[in-house]
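Structure first, commentary second.
Please read these numbers as outputs of a predicted model, since none were measured by experiment.
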Amino acid sequence: MTRLPEEIALAEAIAAIAPSGVRIGCRMIRDGDEAHLLPGEAHSIPARRPVMRRASGAARWIARGLLADIGFNDFAILRAPSGAPVWPDGIIGSLAHDDDMAVAAVAPIGDIASLGIDVEPAQPLPDDILALVTTPADRTDAADRHLAGRILFAAKEAVYKAVYPLDREVLGYEDITVDLNAGQATTKTGRKTRLVYCAAPRVVVLAFIDGDGVWGRRDYSAALRRHEFLAERGNR
């Protein structure tokens, strides 16, 4: 498969922000990507619109490749009744897509207890959506002011995906406080997540929760430095 320039650029950007042990991949959604759904996956996904099935096929194609890298070959990623993907025992993962790009992230459960990912176009968030997403406690000064709303939106989506498997509680945007300056978020239940993101060529936010292991300060600081470099590069 020939990789498109935007796929290559985004793959480099997300690889630069990924914490140790987390595998992330991306794919431009193509006509026919619904054919990448395995039979069990296709049966578990109720969406009938071709555009949605193409996006699901692209995201699962990425995720199966990431799982194969750690020894889970041809694993069917079914859709649970809650809508969340079902991962192999001992693995946590997340899928996301916008209209054109799909992303996936997987990691062994250990140093990281849970994670969530979201992808958005690198465009300002419409004002009406921004008003629904933002709370007075959110801090976005560290982000490019044109993309701060979009990054905030993606962060809250990613946080919800990371937190729901642990707490099984439905959260609204108002229930999640994001501090992009500190690279973290807190839910109304007190659950804390870390955040890393890139802003070009697309906005991708990864939210993750520490597990029983200790993720070293050196790794976290390095990821933050890489994120700052990529954010600066995206502003040029």
(message) One thing to verify: whether Glu169 and Lys188 come together as a salt bridge, which I'm taking to mean a side-chain N less than 4.0 angstrom from a carboxylate O.
(response) yes
(request) To the nearest 0.5 angstrom, please state how far the CZ atom of Arg54 sits from the CG atom of Leu37. (result) 11.5 Å
(message) Taking the side chain as everything from C-beta on, heavy atoms only, tell me whether Val106 gets closer than 4.5 Å to Val22.
(response) no
(request) Go through the steps to decide whether Lys156 and Asp138 satisfy the test salt bridge (charged side-chain N to carboxylate O under 4.0 Å, His left out), and finish with yes or no. (result) CA-CA 11 Å; Lys156 294 197 177 189; Asp138 292 324; 3.0 Å; yes
(message) To the nearest 0.5 Å, what is the distance between OG on Ser56 and NE2 on His36?
(response) 13.0 Å
(message) Check this for me: Asp127, atom CG, are more than 12 non-hydrogen atoms of other residues, nucleotides or ligands nearer than 6.0 Å?
(response) no
(message) Can you pull out every side chain to side chain donor-acceptor pair (under 3.5 Å) where at least one residue sits in residues 86-102? Sequence neighbours excluded, please.
(response) Asp98-Arg202, Asp100-Arg202
(message) Minimum heavy-atom separation for Ala102 and Ile29, please, with both atom names.
(response) N-CG1, 4.0 Å
(message) Determine whether a donor-acceptor pair (N or O, by modelled atom type, separation under 3.5 Å) exists between the side chain of Thr187 and the backbone of Arg191.
(response) yes
(request) Verify the cluster assignment for Val86 and Leu115: are they in a single hydrophobic cluster under the rule of side-chain heavy atoms below 4.5 Å apart? (result) no
(request) Would you sort out whether Val103 and Arg27 count as a side chain to side chain contact (heavy atoms under 4.5 Å, CB included), showing the intermediate values? (result) CA-CA 7 Å; Val103 296; Arg27 174 182 172 85; over 6 Å; no
(request) Might you point out which heavy atoms bring Gly116 and Lys161 nearest each other, and give the distance in Å? (result) CA-CB, 3.8 Å
(request) Identify the two heavy atoms, one from Leu206 and one from Pro19, that lie closest to each other, and give their separation to 0.1 Å. (result) CD2-CD, 3.4 Å
(request) Could you grab the distance from atom OG1 of Thr189 to atom CG of Asp167, nearest 0.5 Å is fine? (result) 4.5 Å
(message) Using side-chain heavy atoms (C-beta onward) and a distance below 4.5 Å, is Ile14 in contact with Leu10?
(response) yes
(request) Mind checking the CD1-OH spacing from Ile151 to Tyr197? Nearest 0.5 Å is all I need. (result) 4.5 Å
(message) To check you understand the geometry: which heavy-atom pair defines the closest contact between Ile209 and Lys192, and what is its length?
(response) CG1-O, 3.8 Å
(request) Assess whether side chain to side chain contact (heavy atoms under 4.5 Å, CB included) is satisfied between Val205 and Val203, documenting all intermediate values. (result) CA-CA 7 Å; Val205 180; Val203 170; 4.2 Å; yes
(request) Without swapping roles, check the side chain of Arg168 against the backbone of Leu166 for a donor-acceptor pair under 3.5 Å. (result) no
(request) Give a yes or no on whether Asp74 atom CG has more than 12 heavy-atom contacts from other residues, nucleotides or ligands under 6.0 Å away. (result) no
(message) Please say yes or no: joined through hydrophobic side-chain contacts below 4.5 Å, possibly via intermediate residues, are Leu147 and Val133 part of one cluster?
(response) yes
(request) Check side chain to side chain contact (heavy atoms under 4.5 Å, CB included) between Asp179 and all other residues, then give those that pass, not counting sequence neighbours. (result) Arg139, Asn181, Ala182, Gln184
(request) Enter the distance from Arg23:CZ to Ile91:CD1 here, rounded to the nearest 0.5 Å. (result) 9.0 Å
(message) For Arg64, is there an ion pair with Glu41 - N to carboxylate O distance below 4.0 angstrom?
(response) yes
(request) Report yes or no: do Leu152 and Ile129 belong to one cluster of Ile/Leu/Val/Met/Phe/Trp/Tyr joined by side chain heavy-atom distances under 4.5 Å? (result) yes
(message) If you compare all heavy atoms of Gly21 against all heavy atoms of Pro108, which two are closest, and at what distance to 0.1 Å?
(response) O-CD, 3.5 Å
(message) As an exercise, state the distance from OH of Tyr164 to OG of Ser82, rounded to the nearest 0.5 Å.
(response) 5.0 Å
(request) Could you state whether Val170 and Val178 fall into the same hydrophobic cluster, counting links through intermediate Ile, Leu, Val, Met, Phe, Trp or Tyr residues with side-chain heavy atoms under 4.5 angstrom apart? (result) yes
(request) Check the surroundings of atom CZ in Arg49: do more than 12 heavy atoms from other residues, nucleotides or ligands lie under 6.0 Å from it? (result) no
(message) Does any part of the side chain of Cys26, heavy atoms only, come nearer than 4.5 Å to the side chain of Met101, both counted from C-beta?
(response) yes
(message) Using modelled atom types and a 3.5 Å cut-off, is there a donor and acceptor pairing between side-chain atoms of Glu7 and backbone atoms of Met28?
(response) yes
(message) With clusters defined by side-chain heavy atoms of hydrophobic residues (ILVMFWY) lying less than 4.5 Å apart, directly or transitively, does Leu95 cluster with Met52?
(response) no
(request) Flag the pair Arg150 / Pro121 as yes when at least one side-chain heavy-atom distance between them is below 4.5 Å, and no otherwise. (result) yes
(message) Suppose the criterion is ring pair (Phe, Tyr, Trp, His ring centres under 6.0 Å): which pairs have a residue in residues 104-156, not counting sequence neighbours?
(response) Phe153-Tyr173
(message) Less than 4.5 Å apart, side chain to side chain, heavy atoms only: is that true for Pro88 and Leu67?
(response) yes
(request) Heavy atoms only: give me the nearest Leu195-Ala185 pair and the separation to one decimal. (result) CD1-CB, 4.0 Å
